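Please read the structure below before turning to the comments.
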Amino acid sequence: GDDTPVSSEEPLSPAPGVETVCVFPKNAGKIVPAGEETELLVGLQNEGESTLNVVAVHSTLHLPYDHKMYGQNLTVQSFYNASVPVSVQATFPYTFAVSKFLQPGAYDLVGYIVYEIDQHPYQNVFYNGTIEVVEVGGLLSVESVFLITLGIALLGLLGLWAYGQVQQLSKKTKKGPKVELGTGTTDANMDEWLEGYRVCKGQSQEKQIDSRLLGLARHFRI
């Protein structure tokens, strides 16, 4: 990284054989929402001659065109008993937050890791590059897009299902009265036919009885 001093204090230099790297987990664009915490990982490799003890990680924010002007001093994160033996790699998490009142835009972030070897302090610049500060709520994450898309799809499926149910209910409702009316009409016709049959049959029997009585009367008269 760039070891150009950015502090008015006497700068610390890196120890020989100590290398650092920086990673923004799941944040390749280095997007930093104003007022919210952002995490990065500091990787340190000790290829020196002695064990080192990590003391702290801190960073500063600058305008991209002038590093002499501080934008903001960010979080100082201290570590205790964080020793890194020779030929060992170690990773240290660092969480920082820029002011929520910071104007959105591109800024330069300079990150430092401070450590001691044989009680002598050293410092490496693990990151010196651009970050993008955005307003909270102005960033639509991949997870948010996925959830919104899933919600729309589920609503669409629910709408299709409800439409199908309404169509089936409508068909059943239309068929129902026809069956009932047909049955009712058939039953009524059957009742009328039977009633007529009974009347006709009764009348026929009465005529037969009357004829027999007339015949008997005529016989006795003779």
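Fair warning: this is a prediction, and the values are worked out from it, not measured in the lab. In what follows, residues are counted from 1 in the order of the sequence shown. FYI, side chains are in, hydrogens and waters are out, and symmetry mates aren't considered; it's all heavy atoms of this structure.
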Run the numbers on Gln89 and Leu44 for side chain to side chain contact (heavy atoms under 4.5 Å, CB included), then give the verdict. CA-CA 6 Å; Gln89 297 177 348; Leu44 184 147; over 6 Å; no

Single hit among Phe92, Phe79, Tyr127 for side-chain contact (heavy atoms from CB on, under 4.5 Å) with Ile113: Phe92

Please say which of Leu61, Leu109, Thr60 ends up in a side-chain contact (heavy atoms from CB on, under 4.5 Å) with Gln72. Leu61

Does either side chain, that of Gln165 or that of Gln167, offer a donor lying less than 3.5 Å from an acceptor on the other one? no

Just by distance, do the side chain of Asp108 and the backbone of Ile131 share a donor-acceptor pair under 3.5 Å? no

How far apart are the C-alpha atoms of Ser87 and Glu47, what are their side-chain angles, what is the distance that settles it, and do they pass the side chain to side chain contact (heavy atoms under 4.5 Å, CB included) test? CA-CA 5 Å; Ser87 300; Glu47 294 296 340; 3.8 Å; yes

Would you call the rings of His58 and Tyr112 parallel, tilted or perpendicular, taking 30° and 60° as the class edges? parallel

Do the rings of Tyr94 and Phe96 sit parallel, tilted or perpendicular, given the 30° and 60° boundaries? parallel

Applying the 4.5 Å side-chain criterion to the ILVMFWY set and letting contacts propagate, would Leu74 and Phe24 be lumped into a single cluster? yes

Hydrophobic cluster membership, Val88 vs Val57, 4.5 Å side-chain cutoff: yes

Using a 6.0 Å cut-off, check whether atom CD of Glu49 has over 12 heavy atoms from anything other than its own residue. no

More than 12 heavy atoms of other residues, nucleotides or ligands under 6.0 Å from CD of Glu37: is that the case? no

Could you walk me through whether Tyr115 and Asn46 pass the side chain to side chain donor-acceptor pair (under 3.5 Å) test, one step at a time? CA-CA 11 Å; Tyr115 53 95; Asn46 183 9; over 6 Å; no

Nearest atoms (heavy-atom pairs only) where Leu52 meets Val54: CD1-CG2, 3.9 Å

Residue pair Ala15 / Ile117: nearest heavy atoms and the distance that separates them: CB-CD1, 3.7 Å

Please report the interatomic distance CD(Glu116) to CG(Leu12), rounded to the nearest 0.5 Å. 10.0 Å

Side chains of Pro93 and Glu39, heavy atoms from C-beta outward: is any pair under 4.5 Å? yes

Side chains of Thr75 and Thr95 in contact at under 4.5 Å (non-hydrogen atoms): no

